[in-house]
2 protein chains.
Amino acid sequence: MRAQLVTIHDVARAAGVSPATVSRVFNGGKVTPARALSVQEAAAALGFAPNRVARSLRKQRSSVIALIIPDIENPFFTSLARGVEDAAQRTSLSVVLCNSDEDTDKERRYLEVALGEQMAGVIVAAASQDETDLGPLTDRRVPVVAVDRRPRDAEVDAVLVDNHHGGEVATRHLLQAGYHRIACITGPEGASTSEERLAGHRAALRAAQGGAAAADDTYVRHADFRVDGGRAAMRELLALPEPPDAVFVANNLMTIGVLDALREADRTPPGVGVLSFGDVPWASLVRPSLTAVELPSYELGRTAADLLLQRMDGGVSPVQTVVLRTKLQVRESTAGPARS
Amino acid sequence: MRAQLVTIHDVARAAGVSPATVSRVFNGGKVTPARALSVQEAAAALGFAPNRVARSLRKQRSSVIALIIPDIENPFFTSLARGVEDAAQRTSLSVVLCNSDEDTDKERRYLEVALGEQMAGVIVAAASQDETDLGPLTDRRVPVVAVDRRPRDAEVDAVLVDNHHGGEVATRHLLQAGYHRIACITGPEGASTSEERLAGHRAALRAAQGGAAAADDTYVRHADFRVDGGRAAMRELLALPEPPDAVFVANNLMTIGVLDALREADRTPPGVGVLSFGDVPWASLVRPSLTAVELPSYELGRTAADLLLQRMDGGVSPVQTVVLRTKLQVRESTAGPARS
DNA sequence: CCTCGTGGTGAAAAGGATTTCACACCGGTA
DNA sequence: TACCGGTGTGAAATCCTTTTCACCACGAGG
């Protein structure tokens with residue numbers, strides 16, 4: 001029922017020492033054991049909990065790190081968040097999650113909050129490559145790590161996925177399974193993730209055609225990384241005079257839309273090949289016949305957090321970029337198109 | 001490239017006024033228009049951003065609210081989070097998300113952070129009914145709203161789902177579809193959500209049997225609200241001498257496990273009836289033949305946030321509990337068991 | 001002409017912890 | 001005995017903003 005807050009002064013008075021000593025007890029300063037004990041007892045008796053705001057103000061740094069992600073409803077990012085959390089868990093830092101919703105305005109507001117709250121560090125999966133401005137943070141020497149997507153011209157550490165390689169492996173797998181007309185539904189133009197995955201796809205096609213690099217975009221569609229976008233793009237592809245017999249989809253949510261469009265048209269895998277970049281959430285359980293490029297989402301988060309912690313310790317000075325490899329998770333038992 | 005932080009004093013000096021006036025300009029105090037303008041110009045020129053930590057210290061209250069959820073990877077909670085965010089969006093408050101991971105220790109730490117950071121309010125879906133202690137918060141008059149689950153003996157506003165009604169409707173639907181041996185896989189014993197849903201299920205069964213209330217627990221299983229738990233429970237049920245011909249599953253993730261176990265056993269809906277409490281994420285798209293009790297997850301979040309805002313404005317004094325109704329989302333075209 | 005009220009302003013205190021600085025004390029060495 | 005190094009301690013400054021309070025100036029009313 002104690003409603004007033006207990007300060008370090010109250011504890012000091014109760015223990016018969018100065019506030020400075022109380023502070024030292026809680027921060028590992030040198031204090032005689034006997035005194036330290038009596039301080040701890042007094043603190044416990046009074047139910048003292050340090051005021052983190054005052055502490056942050058004085059230290060010019062709080063003990064919270066921000067993780068800013070563009071879509072909290074995408075399991076890829078929640079898994080990434082788990083990685084960050086688990087890594088931070090081992091320190092005294094707390095992680096707070098901010099959902100920018102792919103909206104650069106919301107993102108900017110959260111970046112302002114991070115700055116204004118003097119957060120100890122920021123991990124950000126940028127909503128935009130061009131508009132996301134990390135300048136204010138880096139100017140004030142707040143440690144920042146970009147994850148999954150690197151904002152253009154930002155001098156920050158980054159943890160990325162090998163999108164090109166993943167795209168290449170994916171399309172190669174479809175080719176090897178016997179598909180011929182392989183489409184690609186990728187993300188928004190201008191997003192590094194979209195472009196790199198598409199580039200990998202094209203590279204695999206080129207290699208298969210033996211160098212006759214006819215850049216043919218008939219089967220290429222740009223969508224928005226969301227369910228609806230994937231569905232619309234797939235419908236378009238199906239409406240072509242000669243529809244593709246397989247499709248490489250550049251993210252998990254769009255794949256859901258694609259599967260939906262295929263069901264509508266009564267064409268389901270493996271009659272038509274579907275390869276998703278990123279695990280389709282839970283589909284692996286409900287419908288196990290889907291091959292996907294597995295993304296190290298958890299490790300992405302873990303690594304980003306580790307990098308941030310390093311940076312906060314003032315360790316490395318040069319900017320680091322870590323690239324994690326994708327892995328092809330083959331799940332089809334009956335791979336390949338219907339032989340004609 | 002400015003690395004030093006600009007304070008209210010710098011702005012004051014630049015504008016030729018006192019720091020107090022600058023503060024008033026930013027907080028809607030009375031200032032002559034001309035002065036206000038010059039302050040704003042000076043602030044813009046210097047790139048002044050208020051130090052939120054100092055502000056919080058002085059005001060004894062920050063401008064962020066915490067949302068503590070037990071499982072960030074469960075779409076139910078991410079959707080709820082969206083609701084909270086959208087409601088907070090319209091104010092100047094920011095939402096930070098904390099994932100307690102169904103772990104009361106982690107949760108306690110986050111509650112301490114919320115208190116120590118002097119957050120303006122807390123919305124919590126408690127990890128435990130008994131161990132979650134909101135006392136420290138309420139003692140300090142921090143507005144708290146419980147959502148989805150109400151911690152026992154906590155004097156706080158709450159926004160809940162009508163679990164009993166939902167469970168009843170669900171089981172009644174299965175009965176009406178012609179199933180006879182209806183099992184129930186619910187959550188952990190002691191959790192209000194588990195118990196209430198089970199109670200609803202039993203009520204429906206009792207009503208069907210015309211009052212001959214033989215409380216038979218052969219077909220009742222308690223699991224842990226997770227995929228694996230659902231799978232294990234379903235396997236157990238399938239191994240019974242006389243397996244059930246339908247099952248009411250008390251949450252979305254367990255349903256995924258259940259579907260998995262059914263696939264293993266080569267028994268799929270609608271041969272065996274499956275009714276999920278809570279939408280199975282994306283399954284509605286991939287596999288549309290699944291009826292579920294639809295939970296108002298988004299509205300839960302929205303309402304909780306609205307309640308919190310009310311409480312912060314010092315509006316209502318008596319503790320409020322809002323109960324939202326579930327809705328049966330029928331999606332089966334070919335409902336009912338195979339007629340024998 | 002004097003008084004009262006009011007609206008705008010600045011000086012200064014307050015908010016709670018950390019950290020610097022100076023000092024007191026103790027044991028040991030020259 | 002005098003001096004020195006080291007260690008633990010407390011007083012006070014500091015972090016930046018909000019808010020109280022006193023004050024001034026100005027306009028209106030008696």
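Letters A, B, ... are given to chains in the order of the sequence lines, protein chains preceding strands, and every chain is numbered from 1. Side chains included, hydrogens not; waters and symmetry mates left out as well; all remaining heavy atoms used. The structure presented is a predicted model; accordingly, all values stated were derived computationally and were not measured.
At C/dG7, none of the side-chain N or O atoms of B/Arg35 fall inside 4.0 Å of OP1 or OP2 (strictly under the cut-off).
In this structure, A/Phe76 has its ring center no closer than 6.0 Å to that of A/Tyr298.
At most 12 non-hydrogen atoms from other residues, nucleotides or ligands lie less than 6.0 angstrom from CD of A/Glu131.
Between B/Arg108 and B/Asp133 there is no salt bridge, since no side-chain nitrogen of the basic residue lies less than 4.0 Å from a carboxylate oxygen of the acidic one. Between A/Glu299 and A/Arg82, none of the side-chain N atoms (NZ, or NE/NH1/NH2) sits under 4.0 Å from a carboxylate O, so this pair counts as no salt bridge. Between A/Asp103 and A/Arg109 there is no salt bridge, since no side-chain N of the basic residue sits under 4.0 Å from a carboxylate O of the acidic one.
The distance between atom NZ of B/Lys30 and atom P of C/dG10, rounded to the nearest whole Å, is 16 Å.
Looking at DNA chain D, the stems built from 3 or more consecutive Watson-Crick or G-U wobble pairs, each pair with its key distances under 3.5 Å, are C:1-30 with D:1-30.
Counted by atom type alone, A/Arg52 and A/Ser63 present one or more donor-acceptor pairs between their side chains at under 3.5 Å. The closest side-chain donor-acceptor pair between B/Ser62 and B/Glu117, if any, does not fall under 3.5 angstrom.
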Per-nucleotide protein contact string for nucleotides 15-26 of chain D, where B marks a base within reach and S marks sugar-phosphate only (heavy atoms under 4.0 Å, - for neither): BBBBBB------
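Within 4.0 Å (heavy atoms only), A/Val53 reaches no atom of the nucleic acid at all.
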Verdict with supporting geometry, B/Glu73 and A/Ser79, side chain to side chain donor-acceptor pair (under 3.5 Å): CA-CA 7 Å; B/Glu73 299 195 84; A/Ser79 167; 4.5 Å; no
